[in-house]
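Note sheet for the following structure.
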Amino acid sequence: MRIEISDKCIRCGRCVRVCPFEILEQEKPGMPVTVQRPDRCIGCGHCVAVCPASAIDHELFPAGTIHPLDRAALPSADAVELLIRARRSNRALTDMPVPEEALRRIVAAADCAPTASNARELGYTLVTEPAKLRAVTEFTLGVFDRTARLLSHPLMRPFVRFLMPDAARYLPAFRRMKQQYAEGRDPILRGATAVLFIHAPLKSRFAVEDSNLACQNASLMAEALGVSQIYMGFVLVAGRRQKGALEQLLGLDGRRVCAVLALGMPAFRFANTFERKASPVTRL
């Protein structure tokens with residue numbers, strides 16, 4: 001990995017303090033900064049982002065990819081809190097497609113999320129083709145229908161309840177969803193015109209954690225753009241029940257879907273926020 005310190009360096013030592021792998025060293029404050037063990041660099045970019053003099057020439061971040069940050073342009077804490085409170089899973093959707101620019105920004109926001117050790121192993125599959133969206137719904141309902149039949153079988157019921165203790169309480173919901181789909185309604189995607197699948201390699205150690213951080217970024221960006229978003233827990237559960245089938249449907253060989261976000265244009269927006277009972281916080 002090529003990392004060089006130019007003569008623009010003001011020797012502030014900020015890059016030394018933020019580097020997670022101690023690749024940059026400074027013997028004493030005010031002394032020159034040197035590069036040690038560049039092969040250990042994980043490409044997090046902390047050094048480039050923190051340098052006030054643009055003195056770090058990093059192979060992964062060439063000229064033109066680094067931009068000054070105007071902190072005065074950042075939203076206030078109150079504005080961020082309002083966005084968080086406004087974000088809801090709005091299932092009242094129109095058949096209007098989500099604009100391409102909005103989809104691009106939602107995926108880009110997801111890709112800005114941090115990943116463990118900056119591994120950046122996540123991938124994004126955006127489904128907008130109506131036939132493929134129907135296939136996702138039908139796959140999910142098919143898995144639930146098979147589970148419902150097992151739960152209803154007198155000989156299999158004890159084993160299914162033991163292996164999947166939570167499934168029994170969803171039996172009425174499984175039957176209701178099947179009926180809704182037969183009536184022409186989509187109880188899974190709720191009429192979403194796009195679904196974002198976030199996936200990682202099968203052997204990725206922090207696949208779920210990384211994917212859900214990315215999903216949260218995507219969800220907040222969607223809210224800011226006026227796009228409804230719904231976390232697709234049922235699709236994820238179905239994918240886990242029939243291992244590898246969802247990935248096969250999406251052409252994701254050797255990968256695992258870890259987060260799914262349905263996207264659509266809302267028929268209306270929520271008019272209010274409200275205060276919830278605060279969860280307990282323990283300080284040690």
Side-chain angles (χ1 to χ4, degrees), residues 89 107 110-111 113-117 119-182 186-190 192 194-219 229-263:
S89 297
V107 176
D111 201 35
T115 58
S117 299
R120 295 186 58 79
E121 296 176 316
L122 298 182
Y124 305 91
T125 297
L126 192 60
V127 176
T128 57
E129 174 62 40
K132 186 66 76 172
L133 292 171
R134 284 195 300 274
V136 171
T137 293
E138 290 171 0
F139 161 76
T140 305
L141 290 174
V143 172
F144 290 159
D145 187 46
R146 287 189 289 276
T147 303
R149 289 202 300 269
L150 287 172
L151 285 168
S152 302
H153 194 287
L155 295 178
M156 296 299 297
R157 187 184 300 122
F159 299 100
V160 178
R161 286 177 180 269
F162 176 75
L163 294 172
M164 297 182 289
D166 291 337
R169 68 187 180 97
Y170 282 106
L171 183 56
F174 295 161
R175 290 169 174 165
R176 185 172 63 251
M177 288 189 293
K178 182 179 180 180
Q179 180 62 34
Q180 288 173 341
Y181 194 66
D186 184 346
I188 302 299
L189 301 185
R190 306 284 183 157
V195 178
L196 177 62
F197 293 86
I198 305 176
H199 44 83
L202 291 174
K203 294 183 179 180
S204 178
R205 185 178 176 187
F206 295 100
V208 173
E209 293 84 352
D210 289 348
S211 295
N212 281 292
L213 285 171
C215 189
Q216 182 70 358
N217 268 22
S219 181
Q229 73 285 166
I230 313 165
Y231 193 85
M232 291 283 100
F234 278 142
V235 177
L236 282 170
V237 170
R240 293 187 192 121
R241 295 260 172 88
Q242 194 169 330
K243 205 167 184 179
L246 179 59
E247 289 77 10
Q248 184 177 12
L249 176 64
L250 299 170
L252 299 174
D253 185 45
R255 299 186 71 82
R256 175 167 57 121
V257 172
C258 298
V260 185
L261 195 67
L263 302 164

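Within the 4.5 Å cutoff, side-chain heavy atoms of Leu196 are placed close to those of Tyr124. Counting heavy atoms from C-beta outward, Tyr231 and Ser219 have side chains that stay 4.5 Å or more apart. Between Leu122 and Ser211 the shortest side-chain heavy-atom distance falls below 4.5 Å. Side-chain atoms of Glu121 and Asp210, non-hydrogen and from C-beta on, never get closer than 4.5 Å to each other. Within the 4.5 Å cutoff, the side chain of Leu141 has heavy atoms near those of the Pro187 side chain. Within the 4.5 Å cutoff, the side chain of Gln242 has heavy atoms near those of the Arg146 side chain. Asp111 is listed as a side-chain neighbour of Arg120, based on a closest heavy-atom distance under 4.5 Å. With contacts defined as side-chain heavy-atom distances shorter than 4.5 Å, the pair Val136/Val195 does not qualify.
Proximity of a side-chain donor or acceptor of Lys132 to a complementary backbone N or O of Leu250 within less than 3.5 Å is not detected. Within the 3.5 Å criterion, the main-chain N or O of Val257 finds a donor-acceptor partner in the side chain of Glu247.
The aromatic rings of Phe234 and Phe144 stand perpendicular to each other, their planes meeting at an angle above 60°, with 30° marking the opposite boundary.
When all heavy atoms of Phe139 and Ala238 are compared, the pair lying nearest together is CZ-O, 3.8 Å.
Heavy-atom neighbours of Gln248 CD from other residues, nucleotides or ligands within 6.0 Å: at or below the threshold of 12.
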